[in-house]
Amino acid sequence: MTTRVIIVDDQAMVRAGFAALLAAQSDIDVVGDAPDGVQGVELSRRVHPDVVLMDVRMPEMDGLEAARRLLDPPPGVTHLPKVLMLTTFDVDDYVYEALRAGASGFLLKDAPPADLISAVRVVAAGEALLAPSVTRRLIADFARRRPAPRKSRAGLQLNGLTPRETEVLELIARGLSNQEIADALVLAEQTVKTHIGRVLAKLELRDRAQAVIFAYESGLVAPGDR
C-alpha cells in the first residue's frame, strides 16, 4: 500500500529535497507541498494525505496551529492525517504543544535521509515517532512547565487499567523503550506491545506520545520520579 505524503515548509529547497527523496521510494507518493500552514491545511483537506510533514516555524500560520486545525477539524471534516513535525532544533519550544495537539512525533530537518524515510513509514503505520531520548527531553521540558495535573476524568480512566498496564504506562512515561520495559518487568517484548495497545485503547490515546503526556498531566508520574 502506498503512503500519500504532503510537505509543508516555507523553504522551497527543503520541500524539493524532501519530495525528491520520498518520491524515489516505491511505497511513498508525494501528492503536494505548501509554503505555509494556511495553504498546508487547505492542501491536506483537498488531497487527503496519510502523512503531513509539517515545519514548525512558518509565516502566515505556524506548524503548531496548522497541526491543531488538521487534528481537531471543524464539523463535517472527517479526514485526520498523521502529522510529523519538522524542526531545526533538538529541543523546540513547540514540541510539547505539538504533541499535545496530536502530532505523531517530530524529526530534525538535518536527520539522515534514511531517518526521514523511516519516520514517514513509522508514522503512517500508526506508531509515534518518539524515541526514548526524545521522551526524556519531553519530560525535562514538562518539569520546567509543570502544568497542573488534570486528575478528575483522567483518574477515572486510570482506574480502568490493570496493575500491569499501569506499570507499563509509568515506564513509557519515564522514557523506556519496549525492550527496556520488557527487561524491567521480565516480560517478552511482544507482551509489552500488547499491554501498550490495551493502554492506548482504554485511555483513548492515539499513540505513545500522547501516553507520555497523559501520564504526567494525570499526576500518575511526576517530573523527577525514578
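Position 1 is the first residue of the sequence, and the numbers go up from there.
- In this structure, CD on Gln179 lies 4.5 Å from CD on Glu189, to the nearest 0.5 angstrom.
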Test side chain to side chain contact (heavy atoms under 4.5 Å, CB included) applied to Val120 and Ile28, step by step:
CA-CA 9 Å; Val120 169; Ile28 298 176; 4.0 Å; yes
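- Put simply, Val41 and Leu80 are part of two different groups of oily side chains (I, L, V, M, F, W, Y) that touch within less than 4.5 Å, one to the next.
- Of all heavy-atom pairs between Ala215 and Ala173, the closest is CB-CB, 3.5 Å.
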Residue pair Val30, Phe18: steps toward the side chain to side chain contact (heavy atoms under 4.5 Å, CB included) verdict
CA-CA 9 Å; Val30 178; Phe18 283 3; over 6 Å; no
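- Side-chain atoms of Thr166 come within 3.5 Å of backbone atoms of Thr162 as a donor-acceptor pair (strictly under, hydrogens ignored).
- For the pair Ala211 and Leu169, the tightest heavy-atom approach, listed with the atom from each and the gap, is O-CD1, 3.6 Å.
- The existence of a salt bridge linking Asp10 and Arg15 is excluded, since no basic side-chain nitrogen approaches an acidic carboxylate oxygen closer than 4.0 Å.
- Of the possible polar contacts, none joining the Lys82 side chain to the Ala103 backbone as a donor-acceptor pair under 3.5 Å is found.
- A salt bridge links Arg121 to Asp27: at least one charged side-chain nitrogen sits closer than 4.0 Å to a carboxylate oxygen.
- Between Val47 and Ile6 the shortest side-chain heavy-atom distance falls below 4.5 Å.
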Go through the steps to decide whether Val52 and Leu84 satisfy the test side chain to side chain contact (heavy atoms under 4.5 Å, CB included), and finish with yes or no.
CA-CA 6 Å; Val52 177; Leu84 178 59; over 6 Å; no
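- Pro81 is not listed as a side-chain neighbour of His48, based on a closest heavy-atom distance of 4.5 Å or more.
- At least one side-chain heavy atom of Val123 sits under 4.5 Å from a side-chain heavy atom of Ser104.
- Interatomic distance, Gln11 CD to Met58 CE, rounded to the nearest 0.5 Å: 11.0 Å.
- With values rounded to the nearest 0.5 angstrom, Lys109 atom NZ is found 10.5 Å from Met85 atom CE.
- Ile172 has its side chain out of reach of Glu167: every pair of non-hydrogen atoms, C-beta onward, lies at least 4.5 Å apart.
- One finds no salt bridge joining Arg46 and Glu42 here, because no Lys/Arg side-chain nitrogen approaches an Asp/Glu carboxylate oxygen to under 4.0 Å.
- Remark: Glu165 CD to Leu200 CG distance equals 10.5 Å, nearest 0.5 Å.
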Verify side chain to side chain contact (heavy atoms under 4.5 Å, CB included) between Asp29 and Thr3, making sure each step is shown before the conclusion.
CA-CA 6 Å; Asp29 186 13; Thr3 298; over 6 Å; no
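- Looking at every heavy atom in both residues, Thr2 comes nearest to Ser26 through OG1-O, 4.3 Å.
- Using a 4.5 Å cut-off between side-chain heavy atoms of Ile, Leu, Val, Met, Phe, Trp and Tyr, with links allowed through other members, Val77 and Leu71 fall into different hydrophobic clusters.
- In this structure, Leu185 CG and Glu180 CD are separated by 11.5 Å, a value rounded to the nearest 0.5 Å.
- The shortest distance between side-chain heavy atoms of Val5 and Val31 does not fall below 4.5 Å.
- Proximity of Met61 to Val38: side-chain heavy atoms (C-beta onward) are separated by under 4.5 Å at one or more points.
- No side-chain donor-acceptor contact under 3.5 Å links Thr191 to the backbone of Leu187.
- Taking the side chain as every heavy atom from C-beta outward, Val83 and Leu70 approach each other to under 4.5 Å.
- Here the straight-line distance linking atom NE2 of His195 with atom CG of Leu161 works out to 11.5 Å at 0.5 Å rounding.
- Partner of Glu170 under the side-chain contact (heavy atoms from CB on, under 4.5 Å) criterion, out of Leu220, Ile181, Leu176: Leu220 alone.
- With a 4.5 Å cut-off on side-chain heavy atoms, Val8 and Leu53 do not count as touching.
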